[in-house]
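Right, one structure below, let's go through it.
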Amino acid sequence: MPQHIHYPEGGEKITVGSDGRLQVPDHPIIGFVEGDGIGPDINRACMRIWDQAVERAYGGRRKIHWAELFMGEKAAGLFDGNYFPDETKAALKDLLISIKGPLTTPVGGGFRSLNVSLRQELDLYACVRPVRHYAGVPSPLKRPEEVDVVIFRENTEDVYAGIEYQSGSAENQKIARFLREEMGESFFDEAGIGVKPISPFGTKRLVRKAIEYAIEHDRESVTLVHKGNIMKFTEGAFRTWGYEIAREEFADQTITEEELYATYGGKRPEGKVVIKDRIADIMFQLMLLRPTEFDVIATMNLNGDYLSDAIAAEVGGVGIAPGANMSDNVAVFEATHGTAPKYANQDKVNPGSLLFSGVMLLEHIGWSEAADLIAAAYEKVVAAGIVTYDFARSLEGATEVKTSQFADAIIDQMCGTIDLERIRRERDEAIEAERQAREQRRVVAPLEEMIASGRVPHTVADLMNPNLVTLSGDTSVEDAMHLMRERRISSVVVQPTADDEEQGWGIMTQRDVISRVVSATKQPSQVRIAEAATRPLITVAEDTSLLDCAERMGSDNIRRMVVVDTQGRPIGIISDTDIFASVEQFGLPE
């Protein structure tokens with residue numbers, strides 16, 4: 001039996017349906033952790049706003065029943081020094097949806113971090129951080145309104161997995177000796193050693209969640225952010241596995257950036273999400289110079305940590321940046337800043353981060369009307385110069401108010417006349433206008449747009465022609481020739497036939513037709529393409545670097561290679577002309 005946690009009467013638990021989607025009753029029970037330091041101040045203010053928004057949006061038909069859960073200092077006082085009691089862990093899993101204020105991590109032994117412990121205990125593998133600008137919020141950018149992205153940061157792997165060996169320790173010396181003597185590695189003596197695990201499982205479930213979000217929220221693209229040009233087998237693998245899951249599970253709903261240009265002439269097909277990738281350091285520049293190019297970002301733990309805070313700074317700082325940590329079903333929304341103990345119980349600080357995490361929560365359970373009401377009221381209050389002390393320092397003529405008074409102002413706005421339909425319509429129109437402008441630039445000047453948007457090819461998958469034409473080996477050369485002329489292609493990939501399976505896949509080019517059929521005075525209608533094809537197929541893996549591919553083409557004296565996925569299936573063709581054009585325009589890849 002629970003010792004201190006009690007669910008409120010009149011509420012119902014949120015469940016998961018057979019389709020994997022949340023089943024949200026009109027009176028859901030949602031957990032909340034008050035938080036430490038400034039947590040009680042901002043929590044009280046935000047709860048009033050959330051409850052009033054739900055009341056105004058649904059006229060009393062819906063209501064959140066809040067169940068208090070305990071972590072941090074309040075939990076330690078109730079549970080004999082335990083900062084994260086089992087009772088809370090069980091309730092977080094049982095209720096599925098919760099929100100928490102900032103927490104203090106105990107000094108000394110015990111937890112490395114309460115937040116890290118929370119993620120690990122509940123396997124909350126995705127840290128989701130939406131970042132957008134709200135009118136009136138002070139920003140260092142000239143056009144902060146162009147920033148509107150959602151970052152999906154992998155939570156469980158990378159250097160944050162905690163696999164580290166301290167300099168001088170016996171474990172460190174053992175690992176160092178193995179790396180030097182068994183693996184032939186070289187590094188400075190007494191170096192601290194960390195391990196950076198990146199797995200297909202961890203990568204794919206994170207990217208899957210990002211793509212699903214993009215599809216459900218009509219986002220234009222998902223960008224995989226990595227440093228794969230240097231760390232090929234970890235961050236480079238993240239990129240490869242990200243494209244792989246898009247192709248395997250979302251083939252009808254996604255296209256690659258290469259296909260966007262090569263197949264669709266820069267025009268994004270309606271309903272398709274564009275999957276692309278960017279090198280991490282370039283991404284930081286692009287989010288300052290061309291933020292409208294990006295919608296949803298999927299990246300690893302360390303990159304995501306840096307990137308989410310850096311982008312938040314562009315629109316007002318982490319003080320108003322919302323966030324959530326999610327598994328497949330459990331979601332814990334949270335304030336992304338610290339406890340700020342020197343301001344505790346002063347009714348002083350900006351509640352924005354926790355407030356908008358609650359907006360995220362409302363959107364997550366499908367209550368978008370209440371979420372939009374808060375966002376609209378917030379913009380009106382800030383635009384009127386009614387702000388807490390942090391914004392008052394940056395806004396000329398602002399009226400500084402307490403945390404509770406800021407909540408009063410938002411509630412007053414929500415109870416007034418906010419035209420949500422007009423606000424939504426204007427926002428949708430602005431998004432569509434920007435999309436059309438980007439599309440026009442891609443159509444009119446594709447190469448310039450590729451360069452400006454940071455798309456620099458590094459692997460064969462970046463440059464390959466994905467419009468692979470595959471024919472049965474029993475197809476006549478004559479039929480294949482007609483098809484090649486009709487589609488303006490110079491080669492077809494040949495499937496093995498029942499009587500020549502040992503020879504495997506092959507390729508038939510125009511040169512093969514001339515040298516093996518025409519010059520031999522054979523009738524094309526009488527020859528199968530299996531007889532004219534070059535076999536075995538010369539292939540290259542999709543994650544092969546352009547430099548390695550060029551080296552192989554030169555050493556083998558060939559002009560084109562078939563690109564295969566991790567299962568060995570042909571997915572495209574890359575030619576020497578493709579690499580020539582890339583180097584001419586972009587220079588040698590890193």
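The structure displayed is predicted, hence computed values, not measured ones.
- Side-chain contact between R56 and C415: present, with at least one pair of heavy atoms (C-beta onward) separated by less than 4.5 Å.
- Using modelled atom types, one side-chain atom of E379 and one backbone atom of A135 make a donor-acceptor pair closer than 3.5 Å.
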I would like to know whether D86 and F79 meet side chain to side chain contact (heavy atoms under 4.5 Å, CB included); could you show each step before the answer? CA-CA 10 Å; D86 291 340; F79 291 88; over 6 Å; no

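- Taking both residues in full, the closest heavy atoms of P40 and G35 are given as CD-O, 3.5 Å, listed atom of the first, atom of the second, then distance.
- Among D158, N303, T299, N301, the single residue meeting the side chain to side chain donor-acceptor pair (under 3.5 Å) criterion with R153 is N301.
- Using a 4.5 Å heavy-atom cutoff, the side chains of L354 and P351 are not in contact.
- The pair R219-D148 meets the salt-bridge criterion, with a side-chain N (NZ, NE, NH1 or NH2) lying under 4.0 Å from an Asp/Glu carboxylate O.
- Atom-to-atom distance recorded for E400:CD and D390:CG is 9.0 Å, nearest 0.5 angstrom.
- The residues K204 and E249 are annotated as not salt-bridged, no charged nitrogen and carboxylate oxygen being separated by less than 4.0 angstrom.
- When atom types are taken as modelled, the side chain of S453 and the backbone of E449 share a donor-acceptor pair closer than 3.5 angstrom.
- Between E235 and R239, none of the side-chain N atoms (NZ, or NE/NH1/NH2) sits under 4.0 Å from a carboxylate O, so this pair counts as no salt bridge.
- By the 4.5 Å heavy-atom criterion applied to side chains, R435 and I431 are counted as neighbours.
- The shortest distance between side-chain heavy atoms of F391 and P138 falls below 4.5 Å.
- Counting only distance, with no hydrogens or angles, the side chain of R48 and the backbone of Q52 share no donor-acceptor pair below 3.5 Å.
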Could you check F70 against E87 for side chain to side chain contact (heavy atoms under 4.5 Å, CB included), going step by step and ending with a plain yes or no? CA-CA 9 Å; F70 303 101; E87 191 171 310; 5.6 Å; no

Taking it one step at a time, do E220 and R438 satisfy salt bridge (Lys or Arg N to Asp or Glu O under 4.0 Å)? CA-CA 11 Å; E220 192 174 36; R438 283 197 302 274; 2.3 Å; yes

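- Two residues are said to be in side-chain contact when any heavy atoms from C-beta on lie closer than 4.5 Å; D26 and E12 fail this criterion.
- For the 3.5 Å distance criterion, the side chains of K100 and N325 fail to qualify, holding no donor opposite an acceptor.
- Proximity of L361 to W50: side-chain heavy atoms (C-beta onward) are nowhere separated by under 4.5 Å.
- Under a cut-off of 6.0 angstrom, the local environment of NZ in K63 is sparse, with at most 12 non-hydrogen atoms contributed by other residues, nucleotides or ligands.
- Salt bridge absent: R425 and D428 never bring a charged side-chain N and a carboxylate O closer than 4.0 Å.
- Each of I410, I42, I320 was checked for a side-chain contact (heavy atoms from CB on, under 4.5 Å) with L355, and the lone residue meeting it is I410.
- Enclosure of atom CZ in R61 by more than 12 non-hydrogen atoms of other residues, nucleotides or ligands within 6.0 angstrom is indicated.
- In this structure, K402 places its NZ atom where only 12 or fewer heavy-atom neighbours from other residues, nucleotides or ligands lie under 6.0 Å away.
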Give the intermediate values and the outcome of side chain to side chain contact (heavy atoms under 4.5 Å, CB included) for residues D277 and Y243. CA-CA 9 Å; D277 72 279; Y243 278 114; 2.6 Å; yes

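- Across every non-hydrogen atom of R129 and S308, the tightest pair is NH1-OG, 3.3 Å.
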Taking it one step at a time, do Q440 and Q436 satisfy side chain to side chain donor-acceptor pair (under 3.5 Å)? CA-CA 6 Å; Q440 183 66 13; Q436 291 180 4; over 6 Å; no

Candidate pair L95 and K13, rule side chain to side chain contact (heavy atoms under 4.5 Å, CB included), full reasoning: CA-CA 6 Å; L95 294 177; K13 288 192 291 186; 4.0 Å; yes

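- Annotation for R290: atom CZ counts as buried by contact number, over 12 foreign heavy atoms lying within 6.0 Å.
- Checked options V147, I151, V150, V149; the residue passing with F294 is V149 (criterion: side-chain contact (heavy atoms from CB on, under 4.5 Å)).
- I64 CD1 to H27 NE2: the interatomic distance, rounded to the nearest 0.5 Å, is 11.0 Å.
- Once rounded to the nearest 0.5 Å, the distance linking NZ of K272 with OG1 of T256 reads 11.0 Å.
- Of all the heavy atoms in G454 and L286, the pair that sits closest is CA-CD1, 3.8 Å.
- The shortest non-hydrogen separation linking P144 to H133 is O-CB, 3.2 Å.
- When the options V128, D123, L122 are evaluated for a side-chain contact (heavy atoms from CB on, under 4.5 Å) with M326, the one that passes is V128.
- Checked for salt-bridge contact, E293 and R278 miss the test: no charged N lies under 4.0 Å from a carboxylate O.
- With hydrogens and angles disregarded, no donor-acceptor distance shorter than 3.5 Å links the side chain of T399 to the backbone of I386.
- Between the side chains of T292 and E434, a donor-acceptor pair is found at a separation under 3.5 Å.
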Determine, stepwise, if the pair Y160 / N155 fulfils side chain to side chain donor-acceptor pair (under 3.5 Å). CA-CA 8 Å; Y160 283 29; N155 251 345; over 6 Å; no

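- V16 is listed as a side-chain neighbour of L22, based on a closest heavy-atom distance under 4.5 Å.
- Residues T156 and E154 bring a donor and an acceptor atom of their side chains to less than 3.5 Å of each other.
- With hydrogens and angles ignored, the 3.5 Å screen pairs a side-chain donor or acceptor of E157 with a backbone N or O of S199.
- Sparse packing is recorded around CD of E9, with 12 or fewer heavy atoms of other residues, nucleotides or ligands lying under 6.0 Å away.
- Atom CD of Q3 and atom CD1 of I5 lie 10.0 Å apart (nearest 0.5 Å).
- With D295 contributing its side chain and A214 its backbone, the two residues share no donor-acceptor pair below 3.5 Å.
- Between the side chain of H4 and the main chain of L78, a donor-acceptor pair closer than 3.5 Å is present.
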Given salt bridge (Lys or Arg N to Asp or Glu O under 4.0 Å), test E426 with R422 step by step and report yes or no. CA-CA 6 Å; E426 290 177 352; R422 178 185 61 79; 3.1 Å; yes

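- Residues I14 and P28 share a closest heavy-atom pair of CG1-CB, 3.8 Å.
- At least one donor-acceptor pair under 3.5 Å links the side chain of S357 to the backbone N or O of E334.
- Under 3.5 Å, the side chains of D41 and Y343 contain no donor-acceptor pair of N or O atoms.
- A cation-pi arrangement is present between R132 and Y134 under the rule of less than 6.0 angstrom and at most 45 degrees off the ring axis.
- The local environment of OH in Y58 is crowded, with over 12 non-hydrogen atoms from other residues, nucleotides or ligands closer than 6.0 Å.
- Between F333 and P322, every side-chain heavy-atom pair lies at or beyond the 4.5 Å cut-off.
- Taking 4.0 Å as the cut-off between side-chain N and carboxylate O, R442 and E257 do not count as a salt-bridged pair.
- Aromatic ring centres of F356 and Y378: separated by under 6.0 Å.
- Side-chain N or O atoms of T339 include none that pairs as donor or acceptor with a backbone N or O of L103 at under 3.5 Å.
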